[in-house]
Structure formats: structure tokens, C-alpha cells
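First up is the structure itself, then whatever we jot down about it.
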Protein chains: 2
Amino acid sequence: MNGFLGTYSVNMDEKGRLNVPSKFKAIMERLYDPNLVVAVMDNFLIAFPQKEWQVNEEKLNSLSGLDREDRQKMREFYSQASECELKSGKLLVPQFQREIAGLSKEVVLVGMSKTFEIWAGDRWNKS
Amino acid sequence: MNGFLGTYSVNMDEKGRLNVPSKFKAIMERLYDPNLVVAVMDNFLIAFPQKEWQVNEEKLNSLSGLDREDRQKMREFYSQASECELKSGKLLVPQFQREIAGLSKEVVLVGMSKTFEIWAGDRWNKS
DNA sequence: AGCATAGTGTCTTAATGTGTCACAAAGTGT
DNA sequence: ACACTTTGTGACACATTAAGACACTATGCT
């Protein structure tokens with residue numbers, strides 16, 4: 001089976017949870033790990049399955065911990081990330097990320113093979 | 001045996017499923033894999049058997065998941081693709097792809113050796 | 001402790017997706 | 001031309017999934 005593919009439009013509930021499409025859930029189950037790391041990228045979110053996140057983390061670790069710009073990049077990335085478990089097939093997006101990504105009700109999930117993106121419906125349609 | 005060849009006209013049912021011609025099915029069976037990845041190309045669809053798709057995926061994986069432009073390229077490609085299993089000899093085309101490709105009832109399947117294309121009947125006839 | 005807020009599990013309904021069957025059409029061999 | 005086989009169509013019943021509602025739990029605050 002392949003990675004995350006396709007574009008899905010889902011509705012977030014009042015508590016900030018969204019139903020992950022069954023195709024995406026199937027991939028998560030195949031990884032035997034319901035944990036995702038959700039990070040902020042510009043004005044949308046990226047969801048990494050745990051394992052993929054680790055790959056990324058290694059890439060970022062190759063940046064210098066002493067260079068000021070590198071540290072700034074790392075700081076932006078790590079400080080805005082959060083770990084989210086998939087519970088009862090639903091993903092709770094933390095409030096601060098919902099605000100950054102402008103998520104209200106209509107949300108678009110976009111498969112990107114190893115990861116998937118979470119967009120506010122209106123921003124996605126404009127881009 | 002050769003790859004996908006010829007042009008077939010088939011009818012989609014109300015749920016968006018189409019019967020794959022038996023010649024095409026035979027090729028899929030020879031690959032021991034009922035999985036297809038369907039991607040959007042302009043105003044029609046391309047169906048890749050799993051193995052063929054992986055060739056594409058490897059090319060895209062060399063792109064950086066953090067670079068903005070690379071992500072944009074990946075997004076165009078992945079967001080419009082979907083994995084479809086051949087079930088009971090039938091292929092369900094996801095709604096969003098049916099809309100993009102303008103598929104209603106009359107659909108034309110066109111063999112292209114390693115892959116095959118899926119066209120709306122009227123667009124095919126005009127082109 | 002009591003309250004407010006944030007997070008979680010579960011249920012119902014509606015929509016979507018799936019399997020199966022019977023019949024019709026097309027193709028094949030004699 | 002005929003019977004036989006294979007293939008495609010459409011119908012139907014059934015299964016799965018997503019949306020939304022609601023009640024319950026956990027947490028932090030005063």
C-alpha cells in the first residue's frame with residue numbers, strides 16, 4: 001500500500017476534533033502506531049506519523065546547534081509542534097494550532113505520501 | 001502478454017464504479033496486485049498499477065519535504081491522486097476525481113502499455 | 001470544594017461504498 | 001446459424017463511514 005494520497009474535506013467538531021478519513025486511518029494502523037506529530041508550516045499544518053517525524057528530526061539535528069539562524073529555524077519548528085494521538089478514529093488539533101492554521105469548521109486533509117497536510121477550507125480553496 | 005492496449009467504452013454505475021475490461025483485468029492479475037493508483041492529468045485520469053506508481057514516487061521522494069517549492073510540486077501530484085483497489089472486478093473512482101475528469105455515465109478506457117487512461121466519453125470524442 | 005473549560009467515548013442518522021446476482025450483450029467454436 | 005461461454009450492465013441488499021449530538025471525564029483555577 002502507498003502513502004497518504006488524495007484530498008478529503010472533513011468537518012471539525014466544536015471541540016476541535018476531526019474524523020480522519022478511513023484511508024488515512026488504514027495507513028496509520030499499518031504502522032501500528034496511532035501517534036502523530038503535528039507541526040506548523042506557514043499557514044497550514046503538517047501531520048507526521050511518529051516514524052516519519054523521527055526521520056525529520058534527524059535532518060534537523062544535522063543543523064548546527066550553534067548557528068543563530070539554524071537555531072531560529074529549529075525553534076520555530078519544534079516550539080509549534082505537538083504530539084497528537086488518534087483516538088476513536090479522531091484527531092484533536094490543539095487550540096494554538098487551530099488558531100495559527102485558521103481552522104474553523106471546514107477542514108481539508110491533503111495526502112502527501114509520507115505525511116498529510118491540514119488546511120483551513122477557505123485557505124485551501126484560495127491557494 | 002503485452003501491456004494495456006486498445007480503447008474500451010464502459011458505463012459507470014450511480015456510485016461511480018466502472019467495470020474494468022477483462023483484458024485489463026487479466027494484466028492486473030498477472031501482476032498479482034489488484035491495487036491501482038489513479039492520478040489526475042489535465043482533464044482525464046491515469047491509472048497506474050502499484051508497481052508503476054512506485055517509480056513515480058521514488059522520483060518525488062528525492063524532493064525536500066521542507067522546501068516550499070518542492071512541497072508545492074508534491075502537493076499538486078499527491079493531492080489529486082488516490083489509491084483504488086480493484087474489487088469484484090470493479091474500480092471505484094473517488095468523487096473528487098470524477099468531478100475533475102467530468103465523468104458521468106459514459107467512460108472511455110484507453111490502454112497506454114504500462115498504464116491506462118480514463119476519459120469522460122464526450123471529452124474523448126472531442127479530442 | 002465548586003466551577004469552568006478542555007478533552008473523550010459512544011450513539012444515531014445519513015451518505016457512501018461494496019458484494020452478489022440475474023439478465024443482456026458480445027464473442028467463440030462447430 | 002446455432003449453442004455455448006465470457007463479459008458487461010443494472011439492480012438490490014448489505015456494510016462501512018462520516019457528521020453531529022450528547023453525556024461523561026479530566027484538568028486547572030479560584
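In what follows, every chain begins at residue 1, and chains take the letters A, B, ... in the order their sequences are listed.
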* **Check: A/E117 main-chain N/O paired with B/R75 side-chain donor or acceptor under 3.5 Å** => no
* Would a hydrophobic clustering, with Ile, Leu, Val, Met, Phe, Trp and Tyr connected at side-chain separations under 4.5 Å, put B/L86 with B/V10? -> yes
* How many angstroms lie between atom CG of A/N19 and atom CE of A/M12, to the nearest 0.5 angstrom? -> 12.0 Å
* Structure fact -> Hits for salt bridge (Lys or Arg N to Asp or Glu O under 4.0 Å) against A/E52, two or more places apart or cross-chain, chain-then-number order -> none
* **Positional range of nucleotides in DNA chain D within the contact set of chain A, heavy-atom, under 4.0 Å** => D/dT17 to D/dA23
* Structure fact -> Span of DNA chain C engaged by chain B, first through last nucleotide within the 4.0 Å heavy-atom cut-off, is C/dG17 to C/dT20
* **Sub-4.0 Å heavy-atom contacts from residues 79-113 of chain A onto DNA chain D, ordered by number** => A/K90, A/K105
* Have a look at B/N11 and say if it touches a base, only the backbone sugar-phosphate, or nothing, with a 4.0 Å heavy-atom cut-off. => sugar-phosphate
* Step through the shown structure and confirm whether more than 12 heavy atoms of other residues, nucleotides or ligands are within 6.0 Å of CD on A/Q72. => yes
* For B/E83, does its backbone N or O pair with a side-chain atom of A/K23 as donor and acceptor, under 3.5 Å? -> yes
* Is B/R68 salt-bridged to A/D42, going by a charged N under 4.0 Å from an acidic O? -> yes
* Taking the nucleotide of DNA chain D with the closest heavy atom to each, which residue, B/V10 or B/K15, is nearer the 5' end? -> B/V10
* According to the side-chain hydrogen bond (donor to acceptor under 3.5 Å, both in side chains) rule, which pairs have a member within residues 88-99 of chain B, sequence neighbours left out? -> B/S82-B/Q97, B/Q95-B/E99
* To do: Would you kindly confirm whether B/L45 and B/F48 end up in one hydrophobic cluster when ILVMFWY residues are joined by side chain heavy atoms under 4.5 Å apart?
  => no
* When you measure from the side chain of A/T7 to the backbone N and O of B/S79, does any donor-acceptor pair fall under 3.5 Å? -> yes
* Asked: Would you call the rings of A/F44 and A/W119 parallel, tilted or perpendicular, where under 30° means parallel and over 60° means perpendicular?
  -> parallel
* **Within one Ile-Leu-Val-Met-Phe-Trp-Tyr cluster: B/V93 and B/I46, side-chain cutoff 4.5 Å** => no
* To do: Assign the ring pair B/W53 / B/F77 to parallel, tilted or perpendicular, where the plane angle (0 to 90°) is split at 30° and 60°.
  => parallel
* To do: Determine to 10° how strongly the helix from C/dA1-D/dT30 to C/dT30-D/dA1 is bent, judged from the axes of its five-pair ends.
  => 30°
